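What follows is one structure encoded as structure tokens, with my remarks underneath.
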Amino acid sequence: MSLKIYNTFTRSKEVFTPIEAGKINMYVCGMTVYDYCHLGHARVLVAFDVISRYLRNAGYAVNYVRNITDIDDKILNRADENGEPYTDLTARFIDLMHQDEARLGVQRPDQEPRATAYIAEIIAMVSSLIEKGYAYAADNGDVYYSVAKFGPYGQLSNKNPDELLAGARIDVEQAKQDPRDFALWKAAQASEVHWDSPWGKGRPGWHIECSAMSTCCLGNSFDIHGGGPDLPFPHHENEIAQSEAATGEKYARYWMHAGAVRVDGEKMSKSLGNFFTIREILDKYHPEVVRYLLIASHYRSAINYSEDSLQTAKTALERFYKGLKGFEAFAPVALADLPAPSEYIARFHEAMQDDFNTPVALAVMFDLVRALNTAVKDGDELQQQKLALELKSLGALLGLLQSKPDDFLQAGGEDELSAEAIEAKIQQRVEAKANKDYTLSDKIRDDLKAQGVILEDTGGVTTWRRG
RNA sequence: GGCGCGAUAGCAAAAUGGUUAUGCCGCGGAUUGCAAAUCCGUUUAUCCCGGUUCGAUUCCGGGUCGCGCCUCCA
């Protein structure tokens with residue numbers, strides 16, 4: 001069994017072979033920090049979190065780099081609107097992003113380079129592109145990349161450069177020699193934030209920072225480059241043009257792009273203003289519910305967000321947690337460390353190795369929890385322990401099932417009945433049952449149910465959860 | 001206009017040239033004081049029209065509808 005990855009560049013699933021055996025260098029385009037992260041960002045964060053976790057678990061030494069773009073027109077505009085230094089704005093949203101990612105259980109990347117820390121490298125790359133004839137300094141102080149000079153331009157997004165020229169419909173900057181050319185360096189206006197450069201005071205263009213940071217952190221060529229669904233063109237196309245022209249080497253080998261998150265059939269995006277932030281969703285739902293929702297569809301397919309879909313995700317997770325009650329003591333282990341792994345482990349690997357097919361991986365876990373429930377019913381303790389450990393270990397690999405079952409099943413809002421009040425009611429009911437006063441005991445149970453609390457009498461013991 | 005993706009049961013979502021996806025919901029049974037949970041069983045599918053094939057949801061062609069990128073967006 002070998003790992004297969006869908007490569008945007010070839011538009012096909014390919015057997016994955018790293019440049020250096022056992023090592024994977026991976027770069028993912030991260031956030032431009034001027035606003036809260038929304039669910040679309042969460043999708044990319046979680047997708048590549050699961051991918052990097054799986055690759056590590058499969059034994060690869062993964063170097064996962066995810067950048068932060070902390071200088072950009074939108075950042076400067078927002079800081080201007082707020083009347084604050086742009087560095088205050090970016091520091092705040094970097095911090096908030098880290099909070100969101102921690103709450104979602106997303107492991108931090110190995111390196112998290114920021115554009116403003118790589119200005120010297122960016123200037124060096126732009127200089128190199130000018131020297132090699134791929135870029136030119138215009139009269140207005142901007143530096144542009146000359147798209148016509150890069151023969152393979154358009155390969156990633158499957159675009160014909162000639163047709164791009166015909167289709168240009170934005171106001172073309174006068175200083176450009178060709179409408180398709182894009183800015184590597186932008187001259188600073190009057191009092192704007194700027195750095196000194198051979199072309200005067202200015203700041204980096206949008207795409208160059210990723211070329212510079214990925215090359216500095218991972219080398220001229222690396223294994224995987226990932227990002228959101230709207231990045232293949234122009235961002236990644238331009239990265240390829242910049243990097244390959246500057247280094248003369250193949251840039252990234254496998255391009256991976258997450259699918260869109262939609263709302264009512266339309267892409268969730270800042271420009272449409274139809275986005276839900278991660279934190280507002282996490283105010284109402286357990287982080288694992290959000291993770292489950294994002295993983296229950298394949299990472300490349302579009303998903304349609306709704307409150308209902310979160311509710312369904314919660315119900316699905318409850319099935320796992322109900323099965324794990326009583327196995328709190330089992331700590332998850334790496335899959336390679338499982339003793340005598342069951343067929344479910346092999347099936348899980350098979351699913352994940354097929355372009356990280358998490359929906360199938362979850363289906364395997366549902367089969368596993370059924371087997372676990374059966375083992376519990378049959379009183380087969382060895383089998384129970386084995387399967388519970390396996391389920392927790394598979395869950396851990398996906399960043400799920402990390403809570404104690406009761407913590408997950410009993411989690412409630414502040415306005416809901418307290419655990420103490422529920423326990424007191426249960427005690428009253430135990431006494432009623434002992435007196436065979438089923439009318440009272442059923443009334444207590446019905447009253448609790450009306451308040452969203454479900455009682456379960458299992459083996460003479462009553463437990464509860466919120467429905 | 002260019003490039004690309006998708007259409008699967010009540011909902012969500014995989015896969016597959018012939019054989020159970022899976023989860024939720026519905027129905028029946030076991031279990032239970034009654035429930036809940038669990039287990040067992042079970043009802044609903046492959047957008048339309050052609051073609052290839054012994055056989056197509058799956059491959060090919062055409063169509064319809066939806067969506068994405070082509071402009072800042074993950």
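Given the structure is predicted, the values throughout are model-derived calculations rather than measurements. Throughout, a chain's letter reflects where its sequence line sits, starting with A, and its residues are numbered from 1.
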For nucleotides 8-11 of chain B, which of its nitrogen or oxygen atoms have a protein nitrogen or oxygen under 3.5 Å away, and what is each distance?
none

Review item, nucleotides 14-16 of chain B N/O atoms under 3.5 Å of protein N/O:
| from | atom 1 | to | atom 2 | distance (Å) |
| --- | --- | --- | --- | --- |
| B/A14 | OP1 | A/H298 | N | 2.7 |
| B/A14 | OP1 | A/S301 | OG | 3.2 |
| B/A14 | O3' | A/N357 | ND2 | 3.2 |
| B/A15 | OP1 | A/N357 | ND2 | 3.3 |

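Looking at residues two or more places apart in sequence or on another chain, you find a side-chain contact (heavy atoms from CB on, under 4.5 Å) between A/P204 and A/I71, A/I119, A/I122, A/W185, A/W195, A/I208. With sequence neighbours excluded, the residues that form a side-chain contact (heavy atoms from CB on, under 4.5 Å) with A/N82 are A/R78, A/E84, A/L89, A/R92. By the side-chain contact (heavy atoms from CB on, under 4.5 Å) test, A/A148 pairs with A/D178, A/R180, sequence neighbours left out. Residues forming a side-chain contact (heavy atoms from CB on, under 4.5 Å) with A/A296 (at least two apart in sequence, or on another chain): A/Y292, A/L362.
Comment: A/D283 does not engage A/R279 in a salt bridge, judged by the lack of any side-chain N to carboxylate O separation of less than 4.0 angstrom. We find that A/D49 and A/R291 are joined by a salt bridge, their nearest charged nitrogen and carboxylate oxygen being less than 4.0 Å apart. A salt bridge does not link A/D110 with A/R66: every distance from a Lys NZ or Arg NE/NH1/NH2 to an Asp or Glu carboxylate oxygen is 4.0 Å or more. A salt bridge links A/D367 with A/R370: at least one charged nitrogen is closer than 4.0 Å to a carboxylate oxygen.
Remark: C1' of B/C72 and CG of A/D230 are 10 Å apart, rounded to the nearest angstrom. Between the CG atom of A/L317 and the C1' atom of B/U22 there is a distance of 14 Å, given to the nearest Å. A/F233 places its CZ atom 17 Å from the C1' atom of B/A74, with the value rounded to the nearest Å. Spacing between atom CD1 of A/I295 and atom C1' of B/A12 amounts to 16 Å, rounded to whole angstrom units. A/F348 places its CZ atom 14 Å from the C1' atom of B/U22, with the value rounded to the nearest Å. Atom pair A/L391:CG and B/G23:P shows a separation of 13 Å (rounding to whole Å applied). Between the CG atom of A/L293 and the P atom of B/C24 there is a distance of 16 Å, rounded to whole Å.
RNA chain B is contacted by A/A363, A/F366, A/D367, A/R370, A/N373, A/T374, A/K377 of residues 362-390 of chain A, taking any non-hydrogen atom closer than 4.0 Å. Residues from residues 68-80 of chain A lying near RNA chain B, meaning a heavy-atom separation below 4.0 Å, are A/K74 in numerical order.
Contact annotation: A/K314 does not reach the phosphate of B/C24 (side-chain N/O to OP1 or OP2, under 4.0 Å). One finds a side-chain N or O of A/K270 lying less than 4.0 angstrom from the OP1 or OP2 phosphate oxygen of B/A74. A sub-4.0 Å separation between OP1 or OP2 of B/U38 and a side-chain N or O of A/R319 is present. Note on A/W206: a side-chain N or O is less than 4.0 Å away from OP1 or OP2 of B/C73.
Closest heavy-atom contact between A/L401 and A/L391: CD1-O, 3.7 Å.
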For residues 257-267 of chain A, tabulate all N or O donor-acceptor pairs below 3.5 Å that involve a side-chain atom, not counting sequence neighbours.
| from | atom 1 | to | atom 2 | distance (Å) |
| --- | --- | --- | --- | --- |
| A/H257 | ND1 | A/T8 | OG1 | 2.7 |
| A/H257 | NE2 | A/H236 | ND1 | 2.8 |
| A/K267 | NZ | A/D230 | OD2 | 3.1 |

In dot-bracket form, 5' to 3', how is RNA chain B paired? Count Watson-Crick and G-U wobble pairs only if both distances fall under 3.5 Å, and write | where the partner sits on another strand. (((((((..(((.....[...))).(((((.......)))))....(((((..]....))))))))))))....
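Atom CD in A/Q107 sits 10.0 Å away from atom OH in A/Y64 (nearest 0.5 Å). Once rounded to the nearest 0.5 Å, the distance linking OG of A/S297 with CD1 of A/I303 reads 5.5 Å.
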With B for base contact, S for sugar-phosphate-only contact and - for none (protein heavy atoms under 4.0 Å), nucleotides 29-36 of chain B reads ----BBBB
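The residue among A/Y292 and A/Y6 whose nearest nucleotide of RNA chain B lies closer to the 5′ end is A/Y6.
Enclosure of atom CZ in A/F330 by more than 12 non-hydrogen atoms of other residues, nucleotides or ligands within 6.0 angstrom is indicated.
Between the side chains of A/N435 and A/D437, no donor-acceptor pair is found at a separation under 3.5 Å. For the residue pair A/S342 / A/E390, a side-chain donor-acceptor distance below 3.5 Å is found, with atom types taken as modelled. Inspection of the A/Y251 and A/E239 side chains reveals an N or O donor paired with an N or O acceptor under 3.5 Å. With 3.5 Å as the limit, one finds no donor-acceptor pair spanning the side chains of A/Y86 and A/E192.
Residue A/R300 is classed as having no contact, given no heavy-atom separation below 4.0 Å to the nucleic acid. Within 4.0 Å (heavy atoms only), A/G154 reaches no atom of the nucleic acid at all.
Within the structure, every pair that satisfies the ring-ring contact (aromatic ring centres under 6.0 Å, His included) test and touches residues 361-393 of chain A, not counting sequence neighbours, is listed here: A/F320-A/F366.
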Carefully, step by step, assess A/F182 and A/Y144 under the rule ring-ring contact (aromatic ring centres under 6.0 Å, His included). CA-CA 5 Å; A/F182 56 90; A/Y144 294 102; 8.9 Å; no
